[in-house]
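Taking it in order: structure first as structure tokens, then the write-up.
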Amino acid sequence: MYRLPVKKAVIPAAGLGTRFLPATKAMPKEMLPIVDVPTVQYIVEEAVASGIEEILVITNANKHCMENHFDRNYELEERLKESGKYDLEKMIRDISDMVNIYYVRQKEPRGLGHAILCAKSFIGNEPFAVLLGDDVVINPGGKPALAQLIQAYNEKGASVVGVQTVAPEDVDKYGIVEPSLSSKSIGRRVKLAGMVEKPSIDQAPSNMAVLGRYVLTPDIFDFLETQEAGKGGEIQLTDAIVRLMEVQAVYAYDFEGTRYDVGDKFGFIKATIDFAMARPELSQSVRDYVKELASKIEREECRQE
Ligand code: UTP
């Protein structure tokens, strides 16, 4: 059982982002903005709000814009100050002051498991968090998703994967967990007997999907180092977690919060609308526009009938 606190996080951002081409040709999908904030900033904010002190981003050749985003931009700060835009100047400075962020390159996109292995020397022998930019989770008034997982880790001293229920027809898009039948779930936490990457609907052990949040013990690296390519020819984190389960307990935690699949175009559009609607300065205009659109669609559908 691990007693060390979770202070480090890994954000893998070296995927090809093929679902968002051509936008992701020269820019990681994690830099796509939801309203005016890049996805990765929401993820970093969640990590910081969950007590994370150091973050390693796994990048590829398209890393510069992400590094620049979290770095100081003295010229811009000066210009904003000169023109009296002190709020904006503070806002962009705060982004670079949020947390210590480090970067390492994954030389080839060999899969999520391989990306996490690139964090081995940064992590050392501590438990750590993993947050995927594909999944943006909000939990207004409640604890951030990662903080909930960290609490579960603190209670059990073991790895915890964040899950939520998905529609049965969507199980083939995710890692799906198999809860252990011999141990009872305690609140939102359940011990796992297995996990399978993107199963078909008839082979899925449940419809609880792993949604981009993990707390892992460093023992995972022993398994990632020897992990062979799995689904899609990629080194899968799921497969290494299944092997970890043979030597230590792994739990799933059904986290509270609304999750947006922003790696998917429609999920991204939904997040954009909802986030814009939650912004005081945009809320009314977006609501009015959505209502106008809804009645236009209704009129069109009536005409077609
Ligand atoms: P995805 O499979 O969702 O990302 O990986 P992708 O490959 O970029 O997306 P599509 O399907 O081609 O559109 C989940 C996460 O793992 C990272 C991705 O950046 C994403 O955050 N990843 C994936 C890596 O860092 N390296 C890899 O080799 C693969």
Side-chain angles (χ1 to χ4, degrees), residues 9-34 38-47 55-67 69-70 101-120 122-123 128-137 145-146 161-164 166 170-176 195-199 209-214 216 220-221 224-225 227-241 259-269 271:
V10 179
I11 301 179
L16 294 178
T18 45
R19 285 170 293 167
F20 262 103
L21 282 168
T24 47
K25 186 180 171 200
M27 181 179 78
K29 65 179 166 190
E30 289 76 7
M31 282 303 289
L32 291 173
I34 303 175
T39 311
V40 66
Q41 190 179 322
Y42 292 107
I43 303 293
V44 167
E45 283 169 357
E46 179 187 329
I55 295 176
L56 180 72
V57 182
I58 314 292
T59 57
N60 56 20
N62 294 333
K63 69 173 180 171
H64 300 291
C65 55
M66 221 183 304
E67 280 195 357
H69 183 73
F70 289 107
I101 306 189
Y102 307 87
Y103 302 86
V104 68
R105 273 195 195 194
Q106 182 188 17
K107 294 191 184 78
E108 271 178 274
R110 292 177 60 199
L112 175 59
H114 182 257
I116 302 300
L117 183 57
C118 298
K120 185 176 185 245
F122 173 82
I123 297 297
F128 64 103
V130 174
L131 300 100
L132 304 192
D134 280 355
D135 296 295
V136 171
V137 185
L146 181 62
V161 299
V163 297
Q164 280 191 340
V166 295
D170 285 338
V171 290
D172 61 354
K173 293 186 193 154
Y174 303 101
I176 300 293
M195 219 168 130
V196 46
E197 185 63 25
K198 301 188 174 77
V210 181
L211 299 178
R213 299 291 180 275
Y214 308 74
L216 298 169
I220 193 70
F221 292 116
L224 284 172
E225 266 169 340
Q227 189 59 53
E228 288 178 4
K231 199 108 194 176
E234 296 193 332
I235 296 175
Q236 298 288 354
L237 179 60
T238 301
D239 296 341
I241 295 176
R259 167 256 176 188
Y260 295 90
D261 179 6
V262 295
D264 167 76
K265 279 178 215 162
F266 184 50
F268 189 83
I269 292 167

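Atoms within each ligand, like the ligands themselves, are counted from 1 in listed order. Just the heavy atoms: all of them, side chains too, but no hydrogens, waters or symmetry mates, feed the values below.
Between Leu237 and Leu216, the closest side-chain pair of non-hydrogen atoms falls below 4.5 Å. At least one side-chain heavy atom of Asp261 sits less than 4.5 Å from a side-chain heavy atom of Arg259. The shortest side-chain heavy-atom distance between Pro12 and Leu132 falls under the 4.5 Å cut-off. Lys173 is not listed as a side-chain neighbour of Lys198, based on a closest heavy-atom distance of 4.5 Å or more.
Panel note: side chain Arg213, backbone Asp135; a donor-acceptor pair is recorded below 3.5 Å.
Less than 4.0 angstrom separates some heavy atom of Arg110 from each of these atoms of ligand 1: 28 (O). Distances below 4.0 Å separate heavy atoms of Gln106 from the following atoms of ligand 1: 24 (C), 25 (O), 26 (N), 27 (C), 28 (O). Taking every non-hydrogen atom of Pro109 and a distance limit under 4.0 Å, the qualifying atoms of ligand 1 come out as 28 (O). Ligand 1 places these atoms under 4.0 Å from at least one heavy atom of Ala115: 24 (C), 25 (O), 26 (N). Of all atoms in ligand 1, listed by their number and element, those nearer than 4.0 Å to a heavy atom of Thr18 are 10 (P), 11 (O), 12 (O), 13 (O). Close contacts between ligand 1 and Asp134 involve ligand atoms 1 (P), 3 (O), 14 (C) [criterion: under 4.0 Å to a heavy atom].
At least one N or O atom of Leu16 sits closer than 3.5 Å to an N or O atom of ligand 1. For a threshold of 3.5 Å applied to N or O pairs, the pair formed by Gly17 and ligand 1 contains at least one separation below that value. The shortest N or O to N or O distance between Arg19 and ligand 1 is below 3.5 Å.
Protein heavy atoms come within 4.0 Å of atom 4 (O) of ligand 1.
Separation of the Phe221 and Phe128 ring centroids falls under the 6.0 Å cut-off.
By the criterion of a heavy-atom distance under 4.0 Å, both the backbone and the side chain of Pro12 are placed next to ligand 1. Contact annotation for His114 and ligand 1: no heavy atom of the residue comes within less than 4.0 Å of the ligand. At a heavy-atom cutoff of 4.0 Å, ligand 1 is contacted by both the backbone and the side chain of Leu112. Under 4.0 angstrom from ligand 1, the non-hydrogen atoms of Glu30 all belong to its side chain.
Within 6.0 Å of atom CD in Glu228, 12 or fewer heavy atoms from other residues, nucleotides or ligands are found, so the atom counts as exposed in its surroundings.
Screening residues 20-30 for salt bridge (Lys or Arg N to Asp or Glu O under 4.0 Å) gives Lys29-Asp134 as the qualifying pairs, with residues at least two apart or on separate chains.
The protein atom (non-hydrogen) at minimum distance from atom 25 (O) of ligand 1 is Ala14 N, 2.9 Å. Looking at atom 28 (O) of ligand 1, its nearest protein heavy atom turns out to be Gly111 N, 2.8 Å. Here the protein heavy atom with the shortest distance to atom 19 (O) of ligand 1 is Gly15 N, 3.0 Å.
Distances shorter than 4.0 angstrom occur between a heavy atom of Lys29 and an atom of ligand 1. Heavy atoms of Ala13 come nearer than 4.0 angstrom to ligand 1 in at least one pair.
Distance check, rounded to the nearest 0.5 Å: CD of Gln236 to NZ of Lys231 gives 9.0 Å. Distance check: Thr24 OG1 to Met31 CE gives 13.5 Å after rounding to the nearest 0.5 Å.
Ring geometry for Phe268 versus Phe20: interplanar angle over 60°, hence perpendicular rather than tilted (30 to 60°).
For the side-chain contact (heavy atoms from CB on, under 4.5 Å) test, no residue two or more places apart in sequence or in another chain qualifies with Asp172.
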